[in-house]
Amino acid sequence: MRVSNYFMPTRKEIPKEAEIPSHQMMLRAGLIRQHLAGVYSILPLGWRVLTNIMKIIREEMDRIGCHEFYLPVLSSADLWTKSGRWNTFGEDMFRLKDRKGREMCLAPTHEEVFAEIVSHDIRSYRDLPQMWYQIQTKFRDEVRPRSGLLRVRQFFMKDAYSFDTEKAGLDESYRLQREAYLRIFERTGLDVKVVKASSGAMGGRDCEEFMVLSDSGDDEIVNCPSCGYAANQEVAESNVMKVYGSKKDLKKVLTPDKRTIEDVSAFLEIEPSRLVKSLVYIREDDKKPVFILVRGDHQVDEGKLEAVLGECRPAEPEEVKKLTGADVGFVSPVGLNEVEVFADPILEGTTDLVAGANEDEYHVIGVDMQRDIEVKRFVQLRVVQATEPCSVCGTSLEVSRTIEVGHIFKLGTRYTEALGAEFLDENGVSHPIIMGSYGIGVERIMACAIEKNFDGSAMIWPREITPFLIEILPLNVTVGQVADLAEDLYADLSRNNVSVILDDRDDRAGVKFKDADLLGAPVLVVIGERNLKDGLVELRIKDKRISENVKIEDLKKKVYEALDN
RNA sequence: CGGGGUGUAGCGCAGCCCGGUUAGCGCGCAUGCUUCGGGAGCAUGAGGCCGUGAGUUCAAAUCUCACCACCCCGACCA
């Protein structure tokens, strides 16, 4: 490729809509342009990176016997109604009607469509197991698209599905996918952490997420540097020591206008950890209120909460008032036995606590969890904070922001049962097929690779996904010898199918260097008059931090060496 | 959806408070001359429904209202 006729619209200034490094880089280097919130055009340079990533994914999927499909994006409402997701996907699904008024959607994922194919064309245990995948555009009407390509409404997903006759088979399919994922992320140059996660709307049992540590991410993981325990915050646990306290009688105290933990704690001169934080949530299925209790210095994690309660929402202040007779800030389950209570385990058996009195301007002290509150279930609902002890080995935990690049699920029979995908076993007995689901966000891989390899002005791409492996930079193409040498090297590399780009523009050196920095080829050959006088050419192996002047006669040999390692 | 912010030339911004000539600056773009190993210098030039609509006014980029778009922070996901 020649820069002179390539479309690579670089930008000197950072577009103001971009805050995170990958977004800035992609706009400045001319990889993408925004079309709508969360919808981007991918320009030639960006497309080269994405196709490289897809190529790696295809190779690794093929390697484990997973076969590529191409499924429709347009999908009928019927199918989604059968699986129950026409409703549960809610607003996140793009919906439309055809000219006859038939309801359809733009598929946000493809469990249903694959399961439908299985249900039609797989009959026997002899046909199983199968692993299928596709790399396809997905549409999700995200509540808030953001962070460049990290959270968008139209994106490429590699989604794979496994179909097995028994649980052990699913375990094996899952293992194969998991290992393929690790290879994919290694080849794309990402350092991933595999964490336990919540399966959320997908349903199913076990699942793990592949996370790249980055401050630009919008996920939080907890991990133990010692034993390797790692989990998404939404399922993470820790082992905080209980503080028991002494037995005291319950006593009502005046706490005028002290509504927050900080206020009450300061006013009564009692540590926040001695307070009980009582929150009221309304469960969506039966519309009943529930009390959620955590220690005063802790936060409730709504992800964990939903895992226990199902869908729920914080109660409105009026609802709290009606339930307890007091304003938010003065409430607790003390004396309200008819309301269900879920409490964090570190409160279990503790005493001498402070809680709301269910009367405005009053709290109660001397609360005894056992004596004064009837807890339905003790379960970890709190946000795990950094430095809390690991529940496995006791080491101080780390909490990090991450970007989710992959997610694998052991789905089980949720979709196959709903869609009637069954097989006959050796005895002619019918069983639902056991399914697994495995996703990768293709653009997110690109964004993550940038987050790790862009320093604000220059990019160095990982070799397997770089748009070009090597760039040739003749500094002054009007000088015959410079141009000739560049053209000669370019012709040679092209002949050998090396991914090469030649900046043959008659432009100033500074401009060409800056564009080369944004282009990010790991190998750069700088051909300038100054060095040429001494018979030298500059070879930069940027991903190895090497820069050397090599003799013209050694150039090709050195270049191929640089490309090889 | 709740909270915060921004819409003026392709990009980055000033002007708006306190209405009043042909709406400005930098970058980029075009042409010419000079320059030529890290986003050059000089000169000339093209490029604007001041987000949209309604209102107030003799007069609106500027004031009022509504709407729209985009960005950021929170709840969902690859």
Side-chain angles (χ1 to χ4, degrees), chain A residues 9-20 23 27-28 30 33-39 57 88-93 108-110 135-160 181 197-202 207 209-212 217-219 232 234 300-303 305-306 311-314 403-409 437-448 457-458 473-479 482 506-518 524 526-533 537-538 549:
Chain A
T10 56
R11 213 144 263 183
K12 204 184 278 193
E13 283 166 300
I14 301 169
K16 70 169 176 183
E17 74 261 25
E19 294 217 338
I20 65 166
H23 194 195
L27 289 169
R28 283 192 59 203
R33 286 292 181 260
Q34 184 168 25
H35 180 239
L36 293 169
V39 180
I57 292 172
T88 55
F89 244 105
E91 300 269 71
D92 286 351
M93 193 147 76
T109 173
H110 279 85
I135 299 176
Q136 175 58 289
T137 303
K138 304 287 193 242
F139 292 88
R140 292 186 190 174
D141 195 358
E142 285 287 335
V143 186
R144 183 157 91 82
R146 71 182 108 152
S147 308
L149 289 188
L150 287 185
R151 172 163 243 88
V152 291
R153 299 196 291 175
Q154 173 180 344
F155 61 99
F156 282 106
M157 180 157 94
K158 186 289 301 185
D159 46 323
Y181 272 43
S198 150
S199 52
M202 302 292 291
C207 74
E209 289 170 331
F210 294 76
M211 297 294 209
V212 175
D218 53 5
D219 255 301
N232 192 305
E234 64 197 6
V300 170
D301 183 278
E302 298 204 345
L305 193 57
E306 294 223 344
E311 218 173 313
C312 57
R313 62 172 172 83
I403 297 166
E404 180 189 353
V405 289
H407 200 158
I408 57 179
F409 300 80
S437 163
Y438 317 91
I440 287 181
V442 180
E443 289 94 329
R444 279 189 185 177
I445 292 183
M446 174 162 81
C448 285
S457 61
L473 194 53
L475 291 176
N476 189 341
V477 293
T478 61
V479 176
V482 172
D506 180 12
D507 217 325
R508 300 177 59 81
V511 172
K512 296 169 75 158
F513 272 121
K514 292 294 181 192
D515 278 352
D517 287 344
L518 288 171
L524 181 69
V526 183
I527 303 174
E529 245 183 315
R530 200 181 66 194
N531 278 335
L532 230 44
K533 282 196 189 109
V537 172
E538 182 179 342
N549 287 327

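Protein chains get the first letters and strands the later ones, always in sequence-line order, with residue 1 at the start of each.
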Filtered N/O pairs between nucleotides 8-13 of chain B and protein, under 3.5 Å:
{"unit_1": "rC11(B)", "atom_1": "O2", "unit_2": "E13(A)", "atom_2": "OE1", "d": "3.4"}
{"unit_1": "rG12(B)", "atom_1": "OP1", "unit_2": "K16(A)", "atom_2": "N", "d": "3.1"}

Practice problem: Indicate, yes or no, whether a donor-acceptor pair under 3.5 Å links the base of rG37(B) to the side chain of N476(A). | Solution: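 When only heavy-atom distances are counted, N476(A) does not reach the base of rG37(B) through any donor-acceptor pair under 3.5 Å.
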
Does rA78(B) have F155(A) stacked on its base, where the ring centres are within less than 5.5 Å and the planes differ by under 30°? yes

Examine rA40(B): is either OP1 or OP2 under 4.0 Å from a nitrogen or oxygen in the side chain of R508(A)? Give yes or no. yes

* **Phosphate-side-chain proximity, Q34(A) and rA69(B), N/O vs OP1/OP2 below 4.0 Å** =>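 Checking rA69(B) against Q34(A), no side-chain N or O comes under 4.0 Å of OP1 or OP2.
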
Looking at residues at least two apart in the chain, or sitting in another chain, which of them share a side-chain hydrogen bond (donor to acceptor under 3.5 Å, both in side chains) with [X]?
X       : answer
E404(A) : H407(A)
T10(A)  : D515(A)
K514(A) : none

Determine the contact category for R153(A): base if any of its heavy atoms lies under 4.0 Å from a base atom, sugar-phosphate if only primed atoms, P, OP1 or OP2 are that close, otherwise nothing.
nothing

- Considering only atom P, compute the distance from rA9(B) to rG47(B) and round it to an integer number of Å. 15 Å

Using atom names, set out every protein N or O paired with an N or O of nucleotides 28-32 of chain B below 3.5 Å, distance rounded to 0.1 Å.
{"unit_1": "rG28(B)", "atom_1": "OP1", "unit_2": "K12(A)", "atom_2": "NZ", "d": "3.4"}

Please identify each residue that fulfils salt bridge (Lys or Arg N to Asp or Glu O under 4.0 Å) with E538(A), with sequence neighbours left out.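 Partners of E538(A) by the salt bridge (Lys or Arg N to Asp or Glu O under 4.0 Å) criterion, ordered by chain and then number, come out as R540(A).
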
